[in-house]
Amino acid sequence: MAKPSRRQFLKIMGATGAALLAGKNASAHEEHKINNETIGMLYDATKCVGCKACMSTCKRVNGDYGSLSYERAKFDTDGLWDAPQDLSGSTRTLIKLFKQSEQEWSYVKYSCMHCQKPSCVSVCPVAAMTRDPETGIVDYNKNTCIGCRYCQVACAFNIPKFQWEKAIPQIVKCDLCKNTNLPKKGISACAEVCPAGAIMFGKRKDLLEEAEKRLRENPGKYINHIYGAHEVGGTNHIYLAGMQFNKLGLPTLKEEAPAEFSEKIQHTIYKGFIAPVALYGTLCFIAVKNIKGNDEDEKGHETKTDKGGDTNGTR
């Protein structure tokens, strides 16, 4: 079988590249758009009284489903109190007090932000982390998870936690009571029990409208910013506060989602394996060229030998 010429080879590679590029253009990466019809929570730190009812109710309602357990305080030898110091493999929701001075202090609630463009979902290699496009809930499937913990590293808010102490561990994070309180009562457990009205549950558009209304009506009460409205592409858990958000342990972040940036790379360079095909195509071309060069050298050597005759025989 005749080996392809250099021109034929380049034609084949060109046709292959064109086909791949056509496939890429047909399924081009769509720019991220915020969906305000999804559900979430508005936490107003100025209303929170630090009662931690949301914490205890979250653990009571989701304890069995989420494999949660109570965390004793060191002073509580009788085990009467659940006193976690941070989000952990046993705690999905946490209330903390941040105090700058006697006049400047605030409670803050930590739980999953349910990002519109979640990095944890983007990096998960087995789709154990998913985002429901209709509700916006970022959920976790323990039966799919392989324990790589990429979601922990990727999360800008440091929310997902791993159950290091358990024989059969899983990732722990808020899922808006997707499998417990939400289907039964249509609301997350924390929002349902908050006695001060610090947690409001509903559609994102309604939460934003309420937050904007409070900012307009109380200009001196709040920092003039809705945290989560645009950070990392927008979150469904948004905040109002009277203190700077970075003083409440909430990171200062850009509007562009990290997942958006990484997926642009994946959907351009690596979409349809364009980069690997180009690389292997180049290597194949070099190999074919080298083989052709070796064949030509061998033919040239044989021709010289034929012209010179048998070096061992008589002339």
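Listed for the Glu192 side chain is no donor-acceptor partner under 3.5 Å among the backbone atoms of Ala189. Side-chain N or O atoms of Arg216 include none that pairs as donor or acceptor with a backbone N or O of Arg214 at under 3.5 Å. The backbone N or O of Gly89 lies less than 3.5 Å from a partner atom in the side chain of Gln163, making a donor-acceptor pair. Distance alone, capped at 3.5 Å, is enough to place a donor-acceptor pair between the Lys173 side chain and the Val138 backbone. Between the Arg204 side chain and the Ala229 main chain, a donor and an acceptor come within less than 3.5 Å of each other. Checking side-chain atoms of Lys59 against main-chain N and O of Ser90 turns up a donor-acceptor pair under 3.5 Å. In this structure a side-chain-to-backbone donor-acceptor pair under 3.5 Å is present from Lys166 to Ser67. For the pair Arg131 (side chain) and Cys115 (backbone), a donor-acceptor distance under 3.5 Å is present. Side-chain atoms of Tyr65 do not come within 3.5 Å of backbone N or O of Asn179 as any donor-acceptor pair.
You'll find the side chain of Gln85 stays beyond 4.5 Å of the side chain of Glu71, heavy atoms only. Side-chain contact check for Val172 versus Ser88: every heavy-atom pair is 4.5 Å or farther apart. Tyr227 has its side chain out of reach of Tyr43: every pair of non-hydrogen atoms, C-beta onward, lies at least 4.5 Å apart. Taking 4.5 Å as the limit, some side-chain heavy atom of Arg92 sits within range of a side-chain heavy atom of Asp175. Taking the side chain as every heavy atom from C-beta outward, Met243 and Ile223 never approach each other to under 4.5 Å. A heavy-atom distance below 4.5 Å is not found between the side chains of Cys48 and Lys109. Looking only at side-chain heavy atoms (C-beta outward), Tyr107 and Leu248 stay at 4.5 Å or farther from each other. Considering only heavy atoms from C-beta on, Leu94 comes within 4.5 Å of Pro84 through its side chain.
Applying the 6.0 Å contact sphere to CD of Glu209 captures no more than 12 heavy atoms from other residues, nucleotides or ligands. Other residues, nucleotides and ligands contribute more than 12 heavy atoms inside 6.0 Å of the NE2 atom of His225. When the shell of 6.0 Å around NZ of Lys221 is examined, it contains more than 12 heavy atoms from other residues, nucleotides or ligands.
Lys203 pairs in a salt bridge (Lys or Arg N to Asp or Glu O under 4.0 Å) with only one of the listed residues (Glu210, Glu134, Glu37), which is Glu37.
Across all non-hydrogen atoms, the minimal contact from Ala241 to Thr46 is C-CG2, 4.1 Å. Heavy-atom minimum distance, Ser119 versus Ala154: CB-O, 3.6 Å. The minimum heavy-atom distance linking Pro258 with Val232 is given by the pair CD-CG1, 3.9 Å. Of all non-hydrogen atoms in Leu253 and Ala156, the two that sit nearest each other are CD1-CB, 4.0 Å. Contact record, Gly186 with Phe201: O-CE2, 3.5 Å, taken as the closest heavy-atom pair. What you find for Pro133 and Thr38 is that their closest heavy atoms are O-CG2, 4.1 Å.
Side-chain heavy atoms closer than 4.5 Å link hydrophobic residues (I, L, V, M, F, W, Y) into clusters, and following such links, even through other members, never connects Tyr222 to Trp105. Taken together through direct or relayed side-chain contacts under 4.5 Å among Ile, Leu, Val, Met, Phe, Trp and Tyr, Tyr239 and Phe98 form part of one hydrophobic cluster. Taking hydrophobic clusters as Ile, Leu, Val, Met, Phe, Trp and Tyr residues chained together by side-chain heavy-atom distances below 4.5 Å, Ile199 shares a cluster with Ile95. Clustering ILVMFWY residues whenever any of their side-chain heavy atoms sit less than 4.5 angstrom apart, transitively, puts Ile34 in a cluster other than the one holding Leu208. Met129 and Val123 sit in two unconnected hydrophobic clusters of ILVMFWY residues. Membership requires side-chain heavy atoms under 4.5 Å apart, directly or through other members.
Once rounded to the nearest 0.5 Å, the distance linking CG of Asn36 with CD of Gln116 reads 7.0 Å. With values rounded to the nearest 0.5 angstrom, Tyr150 atom OH is found 12.0 Å from Cys145 atom SG. Put simply, OG1 on Thr57 and NZ on Lys52 are 13.5 Å apart, with the number rounded to the nearest 0.5 Å. Within the model, atoms CD1 of Ile39 and CG of Asn236 stand 8.0 Å from one another, a figure rounded to the nearest 0.5 Å. A distance of 15.5 Å separates NZ in Lys117 from OG1 in Thr235, rounded to the nearest 0.5 Å. The distance from atom CE of Met113 to atom CD1 of Ile159, rounded to the nearest 0.5 Å, is 7.5 Å.
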So Cys177 and Lys184, side chain to side chain contact (heavy atoms under 4.5 Å, CB included) or not? Walk me through it. CA-CA 10 Å; Cys177 301; Lys184 294 178 182 178; over 6 Å; no
For a side chain to side chain donor-acceptor pair (under 3.5 Å) check, start with the C-alpha distance between Asp86 and Tyr110, then their side-chain angles and the critical distance, and finish with the verdict. CA-CA 9 Å; Asp86 206 343; Tyr110 294 142; over 6 Å; no
Show your reasoning for whether side chain to side chain contact (heavy atoms under 4.5 Å, CB included) applies to Cys54 and Cys194. CA-CA 6 Å; Cys54 55; Cys194 181; 5.8 Å; no
Report the C-alpha separation of Lys47 and Leu240 in whole Å, then their side-chain angles, then the decisive distance to 0.1 Å, and conclude whether the side chain to side chain contact (heavy atoms under 4.5 Å, CB included) test is met. CA-CA 10 Å; Lys47 291 179 175 289; Leu240 287 177; over 6 Å; no
